[in-house]
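Reviewing the structure listed below.
Please read these numbers as outputs of a predicted model, since none were measured by experiment. Letters A, B, ... mirror the listed sequences (proteins, then strands); counts begin at 1.
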There are 2 protein chains.
Amino acid sequence: MTTVETGARLTPRRREIVEAARQILERDGESALTMRRVAADLGMKAPSLYKHFPDKESLELELIIVGFEESAAAFEAALATQARSQIESLGAAYRGYARAHPHIYRLMTDRPLPHERLPVGLEYRAAAPLAQAMGSVAGARAAWALAHGLVILEINGRFPADADIDAAWRAGITALERLRQT
Amino acid sequence: MTTVETGARLTPRRREIVEAARQILERDGESALTMRRVAADLGMKAPSLYKHFPDKESLELELIIVGFEESAAAFEAALATQARSQIESLGAAYRGYARAHPHIYRLMTDRPLPHERLPVGLEYRAAAPLAQAMGSVAGARAAWALAHGLVILEINGRFPADADIDAAWRAGITALERLRQT
DNA sequence: GTCTATAGTGGGATAGAC
DNA sequence: GTCTATCCCACTATAGAC
């Protein structure tokens with residue numbers, strides 16, 4: 001369970017700090033996520049945070065872990081759905097998570113990951129549904145890239161204001177399903 | 001011609017400043033691109049730059065324009081090639097430009113564009129080759145998203161170190177070509 | 001585990017003289 | 001068009017008292 005893992009890894013106070021950081025990030029974006037602001041929202045001073053986390057990067061890493069756990073859960077739930085094709089369900093889940101949590105999503109994808117500092121198996125768990133749906137490693141990577149590209153261009157406001165993003169998704173899903181049927 | 005456009009829009013001194021900024025960005029990345037550093041590389045002081053550009057953002061915008069001009073030229077050249085399929089050629093050109101100029105590429109795609117401040121027709125020119133090759137707007141957007149996703153995940157170091165990125169590109173190109181043949 | 005105080009760094013931008 | 005001087009901002013992080 002997601003909650004159990006998080007709870008087991010973090011002391012209660014650390015979890016409160018991560019939660020405060022998350023709310024700041026979600027509400028006001030990455031530039032608002034400063035140690036001062038996190039501390040202030042908890043009624044403490046910034047230096048006190050360093051008794052709980054060695055540096056800011058470690059705190060951000062916890063947010064990334066939360067993002068992976070939540071998106072993995074969303075993908076697993078999508079794969080369990082029978083109403084639509086697996087690829088279609090996964091695409092909707094991917095886009096849905098990214099749009100609901102754009103700043104966390106960007107944090108998760110904007111830079112190289114320190115794989116060795118993530119909970120064992122977490123990356124695999126998040127990637128497995130797509131790999132299963134696509135049936136090949138190369139196909140799964142292409143599918144991930146397509147979904148990421150659609151999502152990040154949307155989040156970054158790079159499609160024209162009147163662009164039919166739904167249609168682009170449908171075209172992409174169609175292409176992936178034809179690849180799958182090879 | 002790219003050079004003519006740039007030359008017409010910028011005074012010689014402004015062009016020198018843009019060129020210095022570009023070299024810093026390409027060599028040392030976005031965090032190195034500061035007004036102080038740009039000035040120092042030109043043998044001047046930071047405040048003097050503000051006689052040429054009203055703010056840092058305006059200078060960055062010139063770099064984005066350069067990126068669009070160069071990548072548009074690369075796409076046009078790729079489309080003129082007859083050796084491979086158009087989609088394949090464009091994919092290679094897209095990846096090639098992004099890998100050769102990762103920091104400029106990130107600058108071009110990381111945030112919303114102030115469309116009204118770009119030279120008229122530039123965005124259209126950069127997008128046209130892909131639109132032509134895909135034959136539909138939705139297909140072109142899916143193709144752009146796929147290419148962008150593959151490229152930005154590669155640049156950001158998000159594929160496993162031993163991942164076969166060439167194979168992911170081949171799978172993606174195959175999917176797009178099947179979509180094209182609808 | 002929290003505080004105060006502070007170090008140390010870096011950034012964008014402006015005023016006014018030359 | 002360039003300079004010097006300066007402002008103001010913000011950040012991460014540490015030391016040491018309580």
Side-chain angles (χ1 to χ4, degrees), chain A residues 6-65 103-104 106-107 110-114 117, chain B residues 6-65 103-104 106-107 110-114 117:
Chain A
T6 308
R9 206 180 52 255
L10 298 181
T11 63
R13 193 54 170 154
R14 275 170 65 100
R15 237 181 311 157
E16 287 172 12
I17 294 169
V18 171
E19 185 49 38
R22 176 185 187 151
Q23 288 188 15
I24 294 165
L25 178 64
E26 299 239 39
R27 283 210 264 264
D28 300 322
E30 193 176 7
S31 67
L33 186 62
T34 68
M35 296 301 265
R36 290 173 178 191
R37 172 74 187 281
V38 173
D41 282 17
L42 288 164
M44 49 195 295
K45 303 295 178 183
S48 305
L49 293 174
Y50 290 85
K51 298 289 184 182
H52 302 278
F53 292 92
D55 48 37
K56 190 189 179 188
E57 191 193 337
S58 300
L59 175 53
E60 289 174 338
L61 185 61
E62 291 299 331
L63 295 177
I64 291 172
I65 291 171
H103 295 111
I104 289 185
R106 213 185 265 107
L107 199 63
D110 254 7
R111 31 179 162 169
L113 272 187
R117 296 174 64 189
Chain B
T6 308
R9 206 179 54 254
L10 298 181
T11 63
R13 194 54 171 152
R14 274 171 66 100
R15 237 181 310 155
E16 288 172 12
I17 294 169
V18 171
E19 185 49 37
R22 177 189 185 146
Q23 287 188 15
I24 293 164
L25 178 63
E26 298 239 40
R27 285 210 262 264
D28 299 324
E30 194 176 7
S31 68
L33 186 63
T34 69
M35 297 301 266
R36 286 172 154 92
R37 171 75 187 279
V38 172
D41 282 17
L42 287 164
M44 49 196 296
K45 303 295 179 182
S48 305
L49 294 174
Y50 290 86
K51 299 288 184 182
H52 302 278
F53 292 93
D55 48 36
K56 190 189 179 189
E57 191 192 338
S58 300
L59 176 52
E60 289 174 338
L61 184 61
E62 293 298 331
L63 295 176
I64 291 172
I65 291 171
H103 295 110
I104 289 185
R106 215 185 264 109
L107 200 63
D110 255 8
R111 30 178 163 171
L113 271 187
R117 295 174 65 189

Whole-Å gap separating [atom2] ([N]) and [atom1] ([X]):
X      : N       : atom1 : atom2 : answer
D55(A) : dC11(D) : CG    : P     : 17 Å
F53(B) : dA13(C) : CZ    : C1'   : 16 Å
K45(A) : dC3(C)  : NZ    : C1'   : 9 Å
E60(A) : dT12(D) : CD    : C1'   : 12 Å
M44(B) : dC18(C) : CE    : P     : 20 Å
L33(A) : dA10(D) : CG    : P     : 16 Å
L42(B) : dC3(D)  : CG    : P     : 10 Å
E30(B) : dG10(C) : CD    : P     : 18 Å

Under 4.0 Å between a side-chain N or O of [X] and OP1 or OP2 of [N]?
X      : N       : answer
R37(B) : dG11(C) : no
K56(A) : dT12(D) : yes
S48(A) : dG1(C)  : no

Can you tell me which nucleotide in [options] comes closest to the side chain of [X]?
X      : options                  : value
P47(A) : dA5(C), dT2(C), dG12(C)  : dA5(C)
K51(B) : dA13(D), dT2(D), dG12(C) : dT2(D)
Y50(A) : dG12(C), dT14(D), dT2(C) : dT14(D)
H52(B) : dC3(D), dC3(C), dT2(D)   : dT2(D)

Electrostatic pair E57(B)-R111(B), nearest N-O below 4.0 angstrom: no

Check your understanding: Can you find a donor-acceptor pair, distance only, under 3.5 Å between R36(B) side chain and dG12(C) base?
Key -> yes

Approximate separation, where rounding is to 0.5 Å, of [X] [atom1] and [Y] [atom2]:
X      : Y       : atom1 : atom2 : answer
R13(B) : S48(B)  : CZ    : OG    : 8.5 Å
L42(A) : R37(A)  : CG    : CZ    : 11.0 Å
L61(B) : R117(B) : CG    : CZ    : 5.0 Å

Of A32(A) and P54(A), the one whose closest nucleotide on DNA chain D sits nearer the 5' end is A32(A)

**Request:** Check whether any side-chain heavy atom of Q23(A) lies under 4.5 Å from a side-chain heavy atom of D41(A), and answer yes or no.
**Result:** no

